[in-house]
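Residue numbers start from 1 in every chain, and the chains themselves are labelled A, B, ... in the order their sequence lines are given, proteins ahead of strands.
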Amino acid sequence: MLFFIVGCSRNMYYWGNYNTDLYCYYKNPEEREKFSEHLQKIIQTGEQGGVVPPGIYAEYGYILYEGKQYEQAIEFFQKEYDRWPESQILMSKMIRNAKKSTEVHTVSNDEDIVENENNDKP
Amino acid sequence: MISHRVILLVLIASAFAGCATVTPKDLSKFNAASLHSILVVPVVNESLDVDAPDYFLSTISLPIAEQGYYVFPVNMVKRILEDEGLSDAGLVHNASTEKLAKLFGSDSVLYITIRRWDAQYIVLTTTVTVELDYVIKDGKTGEELWRDYRIVKYQPSNSSSGNGFADLLVMVINAAITKAAPNYIPLAQQANTTAFTYPGPGVPPGPYAKTKESK
């Protein structure tokens with residue numbers, strides 16, 4: 001029973017049921033709409049106290065992006081960009097991608113992140 | 001009566017044994033890097049449960065963000081890497097840390113390996129186990145800055161009613177339920193919370209921590 005008593009310190013951010021929401025989304029990938037609604041709720045509630053957790057605007061933006069709602073996606077990528085300077089490189093890419101086309105779904109392909117010369121594994 | 005005392009002594013001894021293993025970590029490299037952001041890449045799975053990495057991913061953002069770091073959106077990062085042809089977590093873990101960090105604009109990368117994620121049925125009781133490795137590497141140099149290892153186990157508690165047969169039945173049912181639908185998530189949360197607790201095994205508070213000094 002003791003395992004389930006997690007520290008009693010209060011959280012800095014408003015998370016809603018983010019853990020469970022993402023877990024359920026992975027368990028039932030067809031329930032993207034539900035996950036999207038839950039993220040929206042976290043944002044709405046979190047914004048009242050200025051306690052939207054890092055990454056949540058972007059996560060919501062990405063769900064919109066996957067649903068081809070590019071303009072709304074850009075709005076939330078921009079919110080993440082404005083709120084968290086650490087996100088700016090990634091958010092710039094995502095905004096560029098969302099603006100650029102309705103077909104391209106990846107971040108810029110000009111960087112190969114797997115080092116080919118390091119493939120010395122058997 | 002004697003057997004109860006023995007059990008009590010064993011319990012006390014094991015409780016102390018649990019506390020004695022905490023050794024302070026050398027955080028000089030971690031502190032020197034003064035990280036702002038942590039990129040959690042897809043989790044390597046050594047367990048037999050194919051769903052474990054995704055489920056685990058849902059538990060990791062909160063403890064890191066609450067520790068005062070910017071955490072990149074885990075689901076988005078996972079999807080982007082999949083689009084890049086990096087859906088295999090092993091491939092991501094073997095890729096250059098510097099290039100990964102540069103692609104996402106992150107200060108550091110957190111690599112997690114699930115060693116165990118299982119439920120074992122042994123004599124009327126089921127034990128659920130979650131075992132994890134955590135490593136944070138510097139996004140600029142690829143150097144290891146911090147590492148931790150956690151194992152959390154859970155057994156359903158079988159309270160005694162005094163009626164031997166009824167107790168046995170309860171134990172069998174508890175074990176069967178735990179085995180049929182083991183809930184790993186609270187164990188993963190517990191592992192993460194402990195891993196990131198500071199002072200303790202975890203990392204010092206990041207730039208967004210409210211109580212940076214007092215912690």
Side-chain angles (χ1 to χ4, degrees), chain A residues 1-7 9-13 15 18-27 29 35 39 53-63 65-66 77 80 83-94 97 104-109 111-115 117-121, chain B residues 36-39 51 53-55 57-77 79-86 91-92 94-96 98-100 102-107 152-154 157 185-190 192-194 197 207-211:
Chain A
M1 256 350 238
L2 274 171
F3 284 135
F4 299 102
I5 302 168
V6 179
S9 56
R10 233 180 295 134
N11 285 339
M12 221 176 2
Y13 304 110
W15 293 89
Y18 175 72
N19 282 359
T20 322
D21 297 342
L22 186 55
Y23 173 77
C24 291
Y25 175 47
Y26 282 139
K27 216 164 191 176
F35 182 51
L39 287 173
I56 297 295
Y57 285 129
E59 210 74 281
Y60 182 56
Y62 196 72
I63 293 290
Y65 179 84
E66 283 187 317
F77 290 148
E80 183 86 7
R83 174 67 184 86
W84 308 101
E86 294 82 4
S87 75
Q88 289 179 356
I89 290 174
L90 182 58
M91 289 308 114
S92 304
K93 286 182 184 180
M94 293 313 297
N97 279 353
V104 179
H105 290 264
T106 57
V107 227
S108 63
N109 283 318
E111 285 163 288
D112 184 12
I113 58 174
V114 184
E115 261 185 301
E117 63 270 24
N118 274 1
N119 281 349
D120 52 3
K121 292 203 120 192
Chain B
H36 281 68
S37 59
I38 297 178
L39 174 75
D51 294 324
D54 280 355
Y55 294 167
L57 216 49
S58 72
T59 66
I60 191 68
S61 302
L62 193 151
I64 306 174
E66 291 294 333
Q67 196 62 3
Y69 295 90
Y70 177 80
V71 190
F72 284 82
V74 288
N75 181 55
M76 178 179 173
V77 168
R79 292 268 196 266
I80 289 173
L81 288 170
E82 283 168 1
D83 285 344
E84 292 272 332
L86 288 169
L91 206 59
V92 178
N94 284 325
S96 146
E98 295 95 311
K99 285 188 180 176
L100 264 179
K102 201 181 154 212
L103 181 74
F104 290 93
S106 178
D107 288 348
V152 182
K153 292 182 184 218
Y154 170 71
S157 57
I185 297 301
L187 302 196
Q189 285 171 334
Q190 170 66 26
N192 294 341
T193 305
T194 311
T197 296
Y208 292 106
K210 262 188 198 156
T211 50

Quick check on B:T197 against chain A: is it the side chain, the backbone, both or neither that has a heavy atom closer than 4.5 Å?
neither

So which part of A:I63 gets closer than 4.5 Å to some heavy atom of chain B, the side chain, the backbone, both or neither?
side chain

Closest heavy-atom pair and its distance - A:E59, B:N75
OE2-N, 3.1 Å

Contacting moiety of B:I64, where chain A heavy atoms sit under 4.5 Å:
neither

Minimal heavy-atom distance between B:Y70 and A:P54, with the atoms involved, is CD1-CB, 3.4 Å

How long is the span from the CZ atom in A:F77 to the CE atom in B:M76, to the nearest 0.5 Å?
4.5 Å

Check: B:P73 and A:Y62 side chains under 4.5 Å, non-hydrogen atoms
no

Rounded distance (nearest 0.5 Å) linking atom CZ of B:F104 with atom CD of A:E86:
16.0 Å

Pick whichever of B:V71, B:I60, B:L62 has the most heavy-atom pairs under 4.5 Å with chain A.
B:L62

Examine whether an atom of A:Y57 lies under 4.5 Å from a heavy atom of chain B, and if so say whether it belongs to the side chain, the backbone or both; otherwise answer neither.
neither

Closest contact, heavy atoms only, A:W15 versus B:E66
NE1-OE2, 2.6 Å

If you take all heavy atoms of A:N19 and B:T59, which pair is closest and at what distance?
OD1-CA, 4.1 Å

Here the gap from B:L57 atom CG to A:Y26 atom OH, rounded to the nearest 0.5 Å, amounts to 5.0 Å

Residues B:K102 and A:K93: closest non-hydrogen pair is O-NZ, 4.5 Å

Aromatic plane relationship, A:W84 with B:Y208 - under 30° parallel, 30 to 60° tilted, over 60° perpendicular
perpendicular

Given that the side chain runs from C-beta out, which part of B:D54 has a heavy atom under 4.5 Å from chain A: side chain, backbone, both or neither?
both

Relative to chain A, which segment of B:V74 carries a heavy atom at a distance below 4.5 Å: side chain, backbone, both, or neither?
both

Count the heavy-atom pairs under 4.5 Å between each of A:S87, A:G61, A:P85 and chain B, then report the option with the highest count.
A:S87

To the nearest 0.5 Å, what is the distance between CG (A:L90) and OG (B:S106)?
10.0 Å

Which atoms of A:E80 come close to chain B, meaning under 4.5 Å heavy atom to heavy atom: side chain ones, backbone ones, both, or neither?
side chain

Restricting to non-hydrogen atoms, name the atom on A:I89 and the atom on B:L103 that form the minimum distance, rounded to 0.1 Å.
CG2-O, 4.3 Å

